[in-house]
Amino acid sequence: MAKKVRMGVFGFGRGYHLAHSIIASGAEVVAICEKNENQHKPGEDSPFKDAVWYTDFDEFIKHDMDAVLLANYFTDHTEYAIKCMEAGKHVLSETISNITMAQGVRLVRAKERTGMIYCLLENYPYFKENLEMKRVYETGEMGRLVFAEGEYVHPMDPKTYNTLSPERTHWRNWTPRTYYTTHALAPLMFMTGAMPTKVTAMASFRPEICKDTALRFGDAAAVILCQTDTDAVFRVIGWSHFAPHGNHYRLCCTDGGIEVSPTNGKMRLTFHDFTRPEKYEQDSTEYDATWPDADLGEIANQFGHGGGDFLSVYYFVKAIETGTEPYWDVYRATRAASVAILAWRSILNNNMTYDVPDFRKEEDRLKYENDNISPYPPKEPENGVDGVYDVDIPCSSKPYNPPELWLENHDRDCRGEELVPNDLEKQFIK
């Protein structure tokens with residue numbers, strides 16, 4: 001019997017839920033690193049009861065294990081991924097791979113230097129419906145890709161924002177609308193195999209949505225356009241705040257198109273009357289998506305994010321077992337991150353178009369190896385004074401500073417106190 005892949009989990013908030021997928025994938029959780037010792041601390045009936053608990057990462061990384069799942073803060077993945085690979089551990093990194101261009105270069109070089117497997121834990125491509133769109137596209141029946149859309153729309157009420165961002169300097173309060181975009185972009189890349197080569201973007205400034213929060217960006221949405229290496233165009237909307245809530249993906253090709261119907265959740269496959277394959281009786285067909293692998297799908301149905309949590313972990317574990325590179329390798333991960341970063345620069349620079357680098361090429365690495373521009377503040381307030389930060393670029397498309405009362409209400413909300421009623425959002429509505 002083959003030896004199980006031994007994994008550690010860094011960050012046991014989100015990591016707790018993903019750790020169940022590790023076990024379901026046939027691997028084992030042997031170590032946990034979490035500074036909050038009350039965060040899902042394993043009891044005697046826990047599947048993680050035998051895992052060694054650490055509060056110090058430097059001690060955790062010495063543990064005898066094959067790989068590490070990084071489920072720590074969005075802004076901190078790159079440096080920890082590099083530390084893991086240099087310690088001889090494969091890496092499964094949740095969310096964006098890097099928040100600066102220079103980090104992307106360092107990450108690629110570290111992977112190549114160490115020979116370890118790096119994988120982005122991007123779960124949205126593995127929705128049952130997205131896998132079906134990929135299957136249909138790869139049949140070639142729809143012709144060549146012309147245009148594709150991906151949307152990740154996730155509005156939240158002030159209390160939810162505040163619960164997720166309890167400190168004023170929390171990364172969520174400073175994340176530009178383009179940065180959390182892989183849930184919208186990655187499925188399109190995965191379905192079609194197309195890679196973004198150019199990017200431009202625009203933002204919708206609506207600061208009234210920030211009422212009684214510590215959000216430092218005043219935008220409700222950012223719309224990103226990408227030219228691809230197949231001469232197609234992607235329209236991508238990452239984490240956005242508008243109605244209706246939900247995700248939507250669409251592939252539009254020369255002969256046909258496919259999407260998930262927004263009315264009934266079924267697959268909608270459509271052809272021209274002059275391009276419809278003979279096996280289809282009508283130009284438009286609706287049907288229920290099924291898992292390409294029924295056995296894996298049955299397991300995936302037990303896990304979060306439409307089964308994507310399980311499958312993204314499962315394919316990483318299989319990559320280790322077989323010694324092969326995963327689809328979401330360091331090159332695709334940093335390409336997606338580059339779109340997020342450069343789309344924001346486009347917004348700040350009059351919608352300028354940027355070339356998206358390919359970090360397989362040394363000339364592209366040299367261009368960005370010292371590019372540390374970031375919209376994020378340091379983790380701790382400067383000189384102990386909240387509100388004074390070292391930020392290279394703004395995280396809002398137009399100047400925006402939350403009213404002091406909104407910041408105070410954020411703090412009250414996080415302490416469980418009553419908020420001060422106000423209608424200050426009216427000053428932002430034009």
Side-chain angles (χ1 to χ4, degrees), residues 10 57 61 68 70 72-87 89 91-122 169 171-172 174-182 185-186 195-201 216-217 222 224 226 238 328-349 352-380 382 389-395:
F10 180 43
F57 179 85
I61 200 62
V68 173
L70 296 177
N72 53 320
Y73 274 3
F74 180 89
T75 49
D76 295 345
H77 285 223
T78 307
E79 301 308 325
Y80 284 104
I82 292 172
K83 286 183 178 181
C84 290
M85 288 189 287
E86 289 179 339
K89 274 68 172 176
V91 173
L92 179 60
S93 180
E94 200 201 12
T95 67
I96 198 170
S97 58
N98 51 286
I99 61 164
T100 73
M101 301 300 286
Q103 283 185 343
V105 174
R106 291 200 298 274
L107 186 65
V108 168
R109 287 176 171 164
K111 185 268 181 294
E112 292 179 348
R113 182 174 64 251
T114 62
M116 306 309 297
I117 291 174
Y118 174 92
C119 182
L120 179 68
L121 196 164
E122 176 45 59
T169 54
W171 63 266
R172 287 184 184 270
W174 296 77
T175 296
R177 285 296 185 184
T178 69
Y179 273 55
Y180 207 123
T181 200
T182 58
L185 173 62
M195 296 282 274
T197 57
K198 292 182 181 293
V199 62
T200 185
R216 294 282 173 164
F217 53 87
I224 302 170
C226 296
W328 287 108
D329 61 13
V330 73
Y331 304 110
R332 289 188 178 93
T334 53
R335 182 77 70 105
S338 294
V339 169
I341 296 166
L342 296 177
W344 188 242
R345 293 189 192 178
S346 174
I347 288 171
L348 297 180
N349 290 285
M352 177 178 173
T353 299
Y354 286 84
D355 291 329
V356 180
D358 177 355
F359 287 148
R360 291 174 298 184
K361 300 177 181 178
E362 184 61 19
E363 59 266 32
D364 285 2
R365 301 181 197 182
L366 292 174
K367 181 177 179 180
Y368 286 109
E369 64 182 355
N370 296 311
D371 187 331
N372 293 294
I373 296 171
S374 169
Y376 292 100
K379 296 184 186 67
E380 299 296 333
E382 183 178 333
Y389 307 111
D390 177 17
V391 182
D392 300 305
I393 54 174
C395 58

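Index from 1, following the sequence.
Counting only heavy atoms from C-beta outward, the side chains of Trp174 and Pro375 never approach each other to under 4.5 Å. Under the 4.5 Å side-chain criterion, counting only non-hydrogen atoms from C-beta, Lys89 is not in contact with Lys83. Under the 4.5 Å side-chain criterion, counting only non-hydrogen atoms from C-beta, Met101 is in contact with Pro357. Using a 4.5 Å heavy-atom threshold, the side chains of Pro176 and Tyr376 count as touching. Val108 has its side chain within reach of Glu112: a pair of non-hydrogen atoms, C-beta onward, lies under 4.5 Å apart. Contact of the Val199 side chain with the Ser338 side chain is not registered, since no non-hydrogen atoms from C-beta on lie closer than 4.5 Å. By the 4.5 Å heavy-atom criterion applied to side chains, Thr175 and Ile99 are not counted as neighbours.
Applying the salt bridge (Lys or Arg N to Asp or Glu O under 4.0 Å) test to Glu362 and every residue at least two apart in sequence or in another chain returns Arg109, Arg365. With sequence neighbours left out, the salt bridge (Lys or Arg N to Asp or Glu O under 4.0 Å) criterion links Arg360 to Asp358.
By the 4.0 Å N-to-carboxylate-O rule, Asp371 lies close enough to Arg345 to be salt-bridged with it.
Distance check: Ile82 CD1 to Gln103 CD gives 7.5 Å after rounding to the nearest 0.5 Å. Note that OG1 of Thr95 and CG of Leu120 are 7.5 Å apart. Values are rounded to the nearest 0.5 Å. Here the CD-CZ distance, from Glu369 to Arg106, works out to 10.5 Å after rounding to the nearest 0.5 Å. Note that the CZ atom of Phe10 and the NE2 atom of His77 stand 9.0 Å from one another [nearest 0.5 Å]. Atom CG of residue Asn370 and atom CG of residue Asn372 lie 7.0 Å apart, to the nearest 0.5 angstrom. Here CH2 of Trp328 is found 6.5 Å from CD of Glu122. Values are rounded to the nearest 0.5 Å.
A donor-acceptor pair under 3.5 Å links the side-chain atoms of Ser346 to the main chain of Ala201, judged by distance alone.
Using the six-membered ring where Trp is involved, Tyr80 and Phe57 have ring planes that are perpendicular, over 60° apart on the 30 and 60° scheme.
For Tyr179 and Phe74, the ring centers sit 6.0 Å or farther from each other.
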Candidate pair Thr334 and Ser97, rule side chain to side chain donor-acceptor pair (under 3.5 Å), full reasoning | CA-CA 6 Å; Thr334 53; Ser97 58; 5.7 Å; no
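For the pairing with Pro196, the side-chain contact (heavy atoms from CB on, under 4.5 Å) check across Leu342, Ile224, Val339, Asp355 returns one residue only, Val339.
Ala340 and Thr178 get closest at one heavy-atom pair: O-OG1, 2.7 Å. Ala81 and Val91 get closest at one heavy-atom pair: O-CG2, 3.6 Å.
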